[in-house]
Visitor: 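Here it is, the structure, as C-alpha cells.
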Amino acid sequence: MRDLRSLFLVAGIIALAGCGSLNSSSPNPQSGAASINVSMQDMPPTGVDILSFQATVTGISLQPGNVPLMTVQTRMELTQLQTMAAYMGTISVPAGTYTGMTIALANPQMTYLNDSGGMMMGGSCAIGQICQMTPTMMASSVTINGAPFPLTVQKDTPLDMLIDFDLMNSMQSNMNVNPTMSSMMRQPMTGSSAFGEMDDMIGQIQSVGSSNQLTMQFAQGMPSMSIATDSSTVFENFDSIGKSNNFTGLAAGQIVEADLQLMAAGVLHATRVQLESATAQELDGIIVAINNSTQFDMVVMNEGLSVPGIGIGDVVRTNIQAGAMFDVDDQNLPISGMSFGSAADLAVGQMVRVEPMTAVVSGTPPQVGTNHVRLVNAFLTATVASKINATDFMANGLPAIFTSSGLSNMRVSTSSQTDFDGVSGMSGLTGGDTVSLRGPMFMQSGNLVMIASHIRKR
C-alpha cells in the first residue's frame, strides 16, 4: 500500500494589477492585485496498489467570489507527483482576504494491482491481476478552509501555494473516490530564489524563440508553457544529432527531458535540457511483468508524443528487438558499479522509457517493438527500515508490485546530488519514517538498489 499524495502546486505570486473598487462578491477589498502560480503534488484501500491515477482538474478558485486560479482544464497523472510538484500556471488575483479555496476534479481513471486476496470489480479483477476502472467521484469538488486560510493577499507580495491531494485517504473501501486535499504556503528553497523544482519533465518543443526562451508541451499533462534558459543551463545529447549542446541545438518537434525551477512571478527556468529524440515517439512506464528475455509489460505513465492505440494507464507489452540499446538517464548521479546493459538487468518496479519502432499491434495488452530501453527515475513511497551507514539505508513497506514479485526491501543510496524535502538530510531520517523516493533503480546481485535523486519525508 502506497502513501500516494500528489501535490498540486498553486504557486502564487500576487502582484498589483491596478486600483479600483471590488464588487460585492469579491473578498475583503484591498487596492491592487497579485499573481499566483499554481502547481500540484500527490492513499488506496488495503490490498490495492494504485499504479496510475488520472483526473481532470476542471477548476481552482479562491473564496469568496470564486476568483479563478486557473483558466484551462488540465488532465494529470497524479501518482508520479509523490516526489515533485506540477506547476499549473500563474494568474493575477485581486488583493484582499480569502477564506478558502475550491478545487474541482472530474473523470478519474485508475490502473491498479489487486493484491487484496480476493476478486474485485464484481469478480472481473482476479487476485494478482492488473486492472483498470473508472471510479465514482463522491464529490466533484473540495473546499479547503483550514490553514493557510484565511489568506490575505497584499499588493505586489509573491505567494506560493501547494495543494496536496491525498489519494490514499481519498480512496474508499468500495473503490469510490472522496477527494481529500490540504494546502500550505511555500517559501523559496533554502539558498535559492526558486520556490520548487520539477525534474524529468518529458515533452515536445513547440517553438524556440529569441532571448533563450522555448515553449514546451509537457507529457505529464501540464499546460504548454514558456521556459527560460541562461548560461547556467546544461544542454545534453544534442551532439548525437550533429547539433551543438547549447540553446542553438534546440528545434521545434524535438522530444526533450528538462529539469525546471519555478521562480518568482511564475517563471520556469531550465537547469538541464536533454535531447531524448528528434522525431520518435516515446513511452514512459513502470515495469509490471518480465515475460522472457525479449519481452516485458509496463503500465504507461507518460507519452512523449501521443501513440495511437495507447493511453496513460494502459498496460503495454514491449518486445525488445535484436541489438537493442540499453542505457541510463543518470543525470550525473553516482551510478558507478550499477548495471543496466541488457534485458538481464530489467526488474519489476523499474521505470523505463522506450521508443516504439513498430506499429502498435492491437490486443490485450497492445504490443510495440523497441530498439532502445532507457532506465529513468522511478518513484514510490516506502518506510525507512534501518540505516546502513551515513549515506545508505534499507527501505521496506514497498508497494505490492514489488512484494508480489518477491522483492520486500530495497537499499537506498544517497549522495551530494540527492535533494531532501521535509528533512535536512540522512541525519534527519530515523527508522519508521515514511519517505517518498525518486531515482533510477537497479538490480544488484538479486537485490534492489535505488540511487536517490530526491527523498521527501512525509
Side-chain angles (χ1 to χ4, degrees), residues 1-7 41-53 78-85 112-117 128 164-171 173 180 182 199 286-288 299 301 333 338 347-351 377-415 417-458:
M1 184 168 60
R2 286 196 264 188
D3 183 357
L4 295 179
R5 297 178 185 169
S6 298
L7 291 179
Q41 172 180 302
D42 182 53
M43 282 174 137
T46 301
V48 174
D49 183 8
I50 296 181
L51 301 172
S52 173
F53 186 92
L78 301 177
T79 63
Q80 59 193 303
L81 303 183
Q82 296 171 65
T83 56
M84 60 177 276
Y112 66 97
L113 169 66
N114 178 8
D115 195 47
S116 67
D164 193 331
F165 176 43
D166 190 338
L167 181 55
M168 175 66 79
N169 287 327
S170 296
M171 292 299 302
S173 59
T180 300
S182 60
D199 296 335
I286 179 173
I287 296 177
V288 294
V299 171
M301 308 302 292
L333 292 170
M338 300 292 121
V348 168
Q350 287 174 331
M351 280 287 296
N377 283 348
F379 46 85
L380 69 148
T381 297
T383 302
V384 176
S386 61
K387 289 186 177 181
I388 300 172
N389 51 43
T391 59
D392 293 19
F393 64 89
M394 291 300 296
N396 59 16
L398 305 182
I401 194 67
F402 295 94
T403 57
S404 63
S405 300
L407 302 170
S408 59
N409 53 56
M410 176 177 67
R411 182 173 183 140
V412 179
S413 179
T414 71
S415 67
Q417 281 74 43
T418 304
D419 292 324
F420 288 88
D421 182 7
V423 63
S424 58
M426 273 289 293
S427 61
L429 294 177
T430 60
D433 283 345
T434 299
V435 288
S436 290
L437 308 168
R438 189 176 185 90
M441 199 159 49
F442 301 85
M443 287 298 291
Q444 187 180 52
S445 301
N447 298 309
L448 278 174
V449 180
M450 174 182 279
I451 309 300
S453 64
H454 190 99
I455 296 178
R456 176 181 172 218
K457 183 179 177 181
R458 293 292 185 177

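Just so you know, these numbers come straight off a predicted model, no measurement behind them. All residue numbers refer to positions in the sequence shown, counting from 1.
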Visitor: About how many Å separate CD1 of I287 and CE of M441, when rounded to the nearest 0.5 Å?
Guide: 8.5 Å

Visitor: Is there a donor-acceptor pair closer than 3.5 Å between any side-chain N or O of R456 and the backbone N or O of Q82?
Guide: yes

Visitor: Give the minimum heavy-atom separation between T391 and M426, together with the two atoms involved.
Guide: C-CE, 3.7 Å

Visitor: Closest approach of M171 and I50, non-hydrogen atoms and distance?
Guide: CG-CD1, 3.8 Å

Visitor: Nearest 0.5 Å, what's the OG1-CE distance between T383 and M394?
Guide: 12.5 Å

Visitor: Looking at P399 and T381, what are the two nearest heavy atoms and their distance?
Guide: CD-O, 4.0 Å

Visitor: Looking at CZ of F393 and CE of M410, how far apart are the two atoms once the value is rounded to the nearest 0.5 Å?
Guide: 7.5 Å

Visitor: Pairs under 3.5 angstrom only: tabulate donor-acceptor contacts from the side chains of residues 442-453 to other protein residues two or more places apart or in another chain.
Guide:
residue : atom : partner : partner atom : Å
S453    : OG   : N377    : ND2          : 3.4
S453    : OG   : R438    : O            : 3.2

Visitor: Got a donor-acceptor contact below 3.5 angstrom from the S413 side chain to the D392 backbone?
Guide: no

Visitor: Tell me, please, which residues at least two apart from D419 pass salt bridge (Lys or Arg N to Asp or Glu O under 4.0 Å).
Guide: none

Visitor: Taking side chain as C-beta onward, heavy atoms only, is V435 less than 4.5 Å from I455?
Guide: yes

Visitor: How long is the span from the OG atom in S424 to the CG atom in L429, to the nearest 0.5 Å?
Guide: 8.0 Å

Visitor: Check A395 against V412 and note the closest heavy-atom contact, atom names and distance.
Guide: CB-CG2, 4.1 Å

Visitor: Would you mind reporting whether V288 and L113 have side-chain heavy atoms less than 4.5 Å apart?
Guide: no

Visitor: At their closest point, which heavy atom of T180 faces which heavy atom of F165, and how far apart are they?
Guide: O-CD1, 3.5 Å

Visitor: When rounded to the nearest 0.5 angstrom, what is the spacing between OG1 in T403 and CG in N409?
Guide: 11.0 Å

Visitor: Quick check for you: to the nearest 0.5 Å, what is the distance between M301 atom CE and I286 atom CD1?
Guide: 7.0 Å

Visitor: Can a side-chain donor-acceptor contact be found between T79 and S52 if the only test is distance below 3.5 angstrom?
Guide: no

Visitor: Identify the two heavy atoms, one from I401 and one from S405, that lie closest to each other, and give their separation to 0.1 Å.
Guide: O-OG, 3.3 Å

